[in-house]
Amino acid sequence: MDLTKGHPTESAPVWSAPENRYTEFLVDSGAFHVLAADLSGTGRKDLAFTSHSGDIVRVYRQTAPRQFVAVDPQDIVGFHPNDIIVLSNSPKRYLLNAEGAGELRVAEVNAEGRFKQLAKYPLGNVLSSTPFSWPGWGPISLAVAPYTGTAITLLRDFNPETAEVKDVLTLPVGRDPKRVQVVDIDKDGTPELILPSFWDNQIWAISYAGPDQPPKVQVLASFKRGWPRQVLPLDVNHDGAMDLLVPMSTRERIAVLLNDGQGHFHEGESIPYPGKTGIHTLASGKDGEGRYLLAGGSGALVLYRERQNTPGQFETLLAPIQNWPNWVELVDVDGDGSLDAVIASQDAQESRVIYGPLWKAFSQLAGQPNESKQQESKQQDATKAAKQASEEEKK
């Protein structure tokens with residue numbers, strides 16, 4: 001199979017590869033983000049793509065396993081929409097980050113897959129919102145990252161029906177903070193908010209300090225270079241403490257921060273990235289075949305599979321693509337029990353779902369079997385390069 005052949009068109013916005021091995025979706029001006037969720041209430045996972053440059057949201061409803069129907073694009077988010085998240089499940093509410101409009105918009109979705117705005121909260125320059133829960137902060141609070149800026153905004157006790165909040169806190173966290181992850185790094189039962197700051201190469205933690213106390217802000221780790229766009233929680237060494245993966249956008253490696261179980265981190269051995277320099281996005285997941293990572297960068301999708309009986313060590317397969325993904329997810333879309341790879345691509349015709357079992361699928365996308373030795377050699381070279389880069393940055 002070849003991911004560079006065959007694409008959707010305006011007249012046929014859904015295109016499936018032979019034997020339904022993967023499906024591609026048309027997203028005008030390219031996709032910035034994708035949400036895989038049961039939007040239309042059928043019990044199947046649908047897809048909602050946002051186009052930052054195209055100023056639209058487009059939903060594809062899954063009517064049967066691996067069968068999708070296109071919903072007409074909506075301009076409900078306005079100029080420069082960013083992430084869409086599930087805000088609450090009962091009733092089902094979604095949050096749209098409307099950067100250009102300077103708003104967080106609460107919406108519902110009808111059975112036809114169309115969003116309807118219910119409420120809005122004014123907040124400028126929004127990139128992504130992450131729900132979290134702290135004692136005394138109400139059922140849902142939000143950590144909002146800016147598209148550009150120097151601070152994270154916490155919206156305490158956010159009402160998913162009216163978009164009203166009890167309090168607003170603005171916390172400086174470096175230069176250009178990115179999406180927030182909710183992780184209990186010290187195993188005290190109350191999660192921390194973890195995020196990277198892009199331009200100064202730092203990883204930050206925002207910790208609960210009490211219902212009426214300002215949160216504690218601290219730097220967990222600093223790098224000399226790399227420009228991380230993302231941080232991803234994963235218990236790399238299977239010791240019960242949540243570690244952190246930091247994909248580098250200007251280095252050929254994923255930095256590994258190992259947790260001592262008390263929320264203190266030290267840098268472990270990097271995971272090499274065999275693609276061109278720069279990781280745009282990273283996802284993790286687990287199914288019956290084991291633990292996976294999916295990394296996306298310029299011209300490549302890289303699937304990592306953890307080696308059996310070797311925690312934290314991964315083998316890789318690289319599938320060439322034309323452009324780069326802005327967001328990836330590992331989720332069972334078709335309901336067969338295997339993880340699928342969901343990709344929001346910068347290219348208008350390259351957003352897709354690659355169906356599992358993933359190792360088999362990527363083996364076919366990566367090339368013929370006789371190319372496996374070349375892939376292994378490239379992986380060994382990348383491992384050496386990642387080790388050298390890690391040692392240089394520790395000096």
Side-chain angles (χ1 to χ4, degrees), residues 27-35 37 39 47-59 73-87 93-109 114-132 140-155 158 160 163-165 168-181 193 195-199 204 227-231 249 280-281 296 323-329 343-348 351:
V27 184
D28 291 339
S29 301
F32 182 80
H33 186 263
V34 59
L35 172 67
L39 300 168
L47 303 174
F49 294 95
T50 56
S51 175
H52 182 83
S53 300
D55 305 332
I56 55 99
V57 174
R58 187 158 201 183
V59 170
Q74 288 186 263
D75 61 0
I76 184 173
V77 198
F79 180 63
H80 280 185
N82 293 320
D83 296 4
I84 299 177
I85 64 166
V86 176
L87 182 60
R93 297 291 182 259
Y94 302 88
L95 192 73
L96 297 84
N97 292 265
E99 178 201 339
E103 293 174 344
L104 298 176
R105 296 182 175 180
V106 176
E108 62 181 2
V109 181
R114 297 193 66 79
F115 284 89
K116 177 184 177 182
Q117 181 176 313
L118 302 177
K120 61 184 179 181
Y121 180 85
L123 187 63
N125 197 29
V126 291
L127 167 66
S128 176
S129 300
T130 303
F132 68 96
I140 300 174
S141 294
L142 294 176
V144 185
Y147 193 79
T148 60
T150 58
I152 290 291
T153 302
L154 302 187
L155 302 179
F158 186 91
E164 296 174 323
V165 302
V168 181
L169 292 84
T170 302
L171 304 177
V173 282
R175 298 170 56 203
D176 205 6
K178 297 300 182 184
R179 294 175 175 94
V180 173
Q181 295 278 358
L193 309 178
L195 65 142
S197 54
F198 183 79
W199 290 112
W204 297 75
W227 290 353
R229 288 190 176 94
Q230 191 179 355
V231 61
S249 66
H280 291 265
T281 178
N323 278 274
W324 64 87
N326 287 312
W327 193 251
V328 296
E329 294 280 358
I343 298 102
S345 174
Q346 179 70 18
D347 189 289
S351 291

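In this text the structure is predicted, and so the values were computed from the model without any measurement.
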Listing, residues 144-152 side-chain donor-acceptor contacts under 3.5 Å, not counting sequence neighbours, or none:
none

Could you pull out all residues at least two apart from [X] that satisfy side-chain contact (heavy atoms from CB on, under 4.5 Å)?
X    : value
K178 : L127, D176, P196, F198
D75  : none
I85  : L95, S129, P131
Q74  : I76, R114, F115

Could you pull out the closest heavy-atom pair between T281 and P325, with the gap in Å? CG2-O, 3.8 Å
Quick one: list whatever passes salt bridge (charged side-chain N to carboxylate O under 4.0 Å, His left out) with [X], sequence neighbours left out.
X    : result
R105 : E103
E329 : none
D347 : none
E164 : none

S51 side-chain N/O to D28 backbone N/O, donor-acceptor pair under 3.5 Å: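 Yes; judged by distance alone, with no hydrogens or angles, the pair exists.
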Nearest 0.5 Å, please: how far is OG in S197 from CH2 in W227? 13.0 Å
Set of side chain to side chain donor-acceptor pair (under 3.5 Å) partners for S128, sequence neighbours left out: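 By the side chain to side chain donor-acceptor pair (under 3.5 Å) rule, S128 matches D83.
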State which residues pass side chain to side chain donor-acceptor pair (under 3.5 Å) with R229; sequence neighbours excluded, sorted by chain then number.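 Per chain and number, R229 pairs via side chain to side chain donor-acceptor pair (under 3.5 Å) with no residue.
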Non-neighbouring partners of W327 that pass ring-ring contact (aromatic ring centres under 6.0 Å, His included), sequence neighbours left out: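 Once residues adjacent in sequence are excluded, the partners of W327 under the ring-ring contact (aromatic ring centres under 6.0 Å, His included) criterion are H33.
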Does the side chain to side chain contact (heavy atoms under 4.5 Å, CB included) test come out yes or no for N125 and E99, once each step is laid out? CA-CA 5 Å; N125 197 29; E99 178 201 339; 4.0 Å; yes
[Y] and [X], any side-chain heavy atoms less than 4.5 Å apart:
X   : Y    : answer
H80 : D55  : yes
N82 : V126 : no
I84 : V57  : yes

